[in-house]
Number of protein chains: 2
Amino acid sequence: MLDSHDRKILALLQGDSSLSVAEISDRVGLSSTPCWRRIRKLEEEGYVKKRVALLDEAKLNVGVSVFMAIRTNQHTREWARSFVRAVEEIPEIVDVFRLAGDVDYMLRAVVPDIATYDAIYQKLIERVDIYDVSSMFAMETIRSSTELPLDYA
Amino acid sequence: MLDSHDRKILALLQGDSSLSVAEISDRVGLSSTPCWRRIRKLEEEGYVKKRVALLDEAKLNVGVSVFMAIRTNQHTREWARSFVRAVEEIPEIVDVFRLAGDVDYMLRAVVPDIATYDAIYQKLIERVDIYDVSSMFAMETIRSSTELPLDYA
DNA sequence: CTTGAAAATGCTTAGGC
DNA sequence: GCCTAAGCATTTTCAAG
């Protein structure tokens, strides 16, 4: 599927998508046309989902991350649907994973402070019936990376 | 600090950083020169940390997310330092938060499968002394967003 | 802030190895 | 598959209102 040139291009782009084609082609060891063609192909085929700007959480006053470990006692399609709808209506909730095991869902919300977190929490439990929520407050973001390891591709 | 034009620019850029200045200025309701100036200022002042390409986890064979809730019994600066060093050496670990409360650290790793997760786990506990790890496997990524709410800025 | 335009950079296509 | 080179579009800067 992907050769080492493609992987190197992806590694560069997921670190800094503002690099010009010329810079990328230099570092990859290709000239710009084939490099540009590869980039376009990687985007067309969906290896690159999108290009985004990552903003500073602290500067935008959402420097506090809160994890919410959620358990339900209603294991139905209907409940799952309403849960997804509820979290989608709350933009502070940035991550939502459905888990196997004891905890059913793991969420992460970004908020200015604990008081705002409580408002988010209230908003959520008002919109969907939740059996148990365990909240964990992040004191420090040691790493929050969008860069994937490419060794398995 | 930021007015509504700035917030709108940030909202657009964190959704799609490949938008041209012309497109952004259209949607924001400014002409291109002042819009371009604002974008540059937002980058200089650090509201925009970086521009990156988001890659497809499934296509790159790291479609499985695993949360690791970690507890330590060595609450020393020395241990914290070695822990940070250890997780930084493992590229599969994409998120690391230090928490308040029962769980000391919450990590997320992206891997191809459970066998690879075990290798990551072994690698971690070999590099740093960990009192307890509780692993939670994600069955589904319902939401994984880099877009922050801008209402508190 | 706006418009308009020039200069520089970088993207995209064309043609050939 | 690759390259060089030309043509095109965009970004970036500048001047004037």
Side-chain angles (χ1 to χ4, degrees), chain A residues 1-57 59-61 145-153, chain B residues 1-62 145-153:
Chain A
M1 272 297 203
L2 300 181
D3 65 13
S4 74
H5 285 151
D6 291 322
R7 270 193 291 274
K8 195 147 190 196
I9 289 169
L10 290 175
L12 290 168
L13 284 178
Q14 76 172 341
D16 181 0
S17 68
S18 73
L19 291 172
S20 70
V21 176
E23 282 169 319
I24 294 169
S25 52
D26 269 7
R27 298 199 209 171
V28 171
L30 289 171
S31 65
S32 64
T33 303
C35 190
W36 175 81
R37 248 185 256 281
R38 281 166 183 266
I39 292 169
R40 210 167 61 101
K41 196 171 182 209
L42 291 166
E43 282 176 343
E44 274 171 6
E45 292 178 351
Y47 288 96
V48 175
K49 278 196 295 196
K50 58 198 303 207
R51 289 160 179 259
V52 301
L54 300 181
L55 309 185
D56 189 294
E57 308 194 351
K59 278 209 158 70
L60 294 166
N61 197 27
S145 176
T146 57
E147 298 188 39
L148 307 177
L150 300 178
D151 310 312
Y152 307 106
Chain B
M1 274 300 200
L2 300 182
D3 65 12
S4 75
H5 285 151
D6 291 322
R7 270 192 291 275
K8 195 148 189 196
I9 290 169
L10 290 175
L12 289 168
L13 284 178
Q14 75 173 340
D16 182 0
S17 67
S18 73
L19 292 171
S20 71
V21 176
E23 283 169 318
I24 292 169
S25 51
D26 268 7
R27 297 199 208 171
V28 171
L30 289 172
S31 64
S32 63
T33 304
C35 190
W36 178 84
R37 245 186 260 282
R38 279 166 184 266
I39 293 169
R40 210 167 61 100
K41 196 169 182 213
L42 291 166
E43 283 177 341
E44 274 171 4
E45 291 178 351
Y47 290 95
V48 175
K49 279 195 297 194
K50 57 198 302 206
R51 290 160 179 258
V52 302
L54 299 181
L55 309 185
D56 188 297
E57 307 195 353
K59 279 210 159 66
L60 294 166
N61 197 28
V62 287
S145 176
T146 57
E147 297 187 39
L148 306 177
L150 300 177
D151 310 312
Y152 307 106

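The sequence lines fix the lettering, A, B, ..., with proteins before strands; numbering per chain opens at 1.
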For A:Lys49, I'd like to know if atom NZ has over 12 heavy atoms of other residues, nucleotides or ligands within 6.0 Å. yes
In Å, rounded to the nearest 0.5 Å, how long is the span from CG of A:Leu10 to CG of A:Leu42? 4.5 Å
Could you give the start and end, 5' to 3', of the contact zone on DNA chain C for chain B, using atoms under 4.0 Å from its heavy atoms? C:dC1 to C:dG4
Where along residues 12-23 of chain B does a heavy atom come under 4.0 Å from DNA chain D, residue by residue in number order? B:Ser20, B:Val21
Listing, residues 146-153 of chain B side-chain donor-acceptor contacts under 3.5 Å, not counting sequence neighbours, or none:
{"from": "B:Tyr152", "atom 1": "OH", "to": "A:Glu92", "atom 2": "OE2", "distance (Å)": "2.5"}

What is the distance from atom CG of A:Asp3 to atom CD1 of A:Ile9, rounded to the nearest 0.5 Å? 8.0 Å
Gap between atom OG of B:Ser32 and atom CD1 of B:Ile24 - 0.5 Å precision: 11.0 Å
Measure from the side-chain N and O atoms of A:Ser17 to the backbone N and O of B:Arg51, and report whether any donor-acceptor pair falls under 3.5 Å. yes
Test your reading of the model: is there a side-chain donor-acceptor pair from A:Lys8 to the backbone of A:Gly29, 3.5 Å cut-off? no
Roughly how far, to the nearest 0.5 Å, is the OH atom of B:Tyr47 from the CZ atom of B:Arg7? 10.5 Å
By salt bridge (charged side-chain N to carboxylate O under 4.0 Å, His left out) - contacts of A:Asp6 (at least two apart): A:Arg38
Name every residue in residues 32-44 of chain A that has at least one heavy atom under 4.0 Å from any atom of DNA chain C, in order of residue number, or write none if there are no such residues. A:Thr33, A:Trp36
Using side-chain hydrogen bond (donor to acceptor under 3.5 Å, both in side chains) as the criterion, list what pairs up with B:Arg40, not counting sequence neighbours. B:Glu44
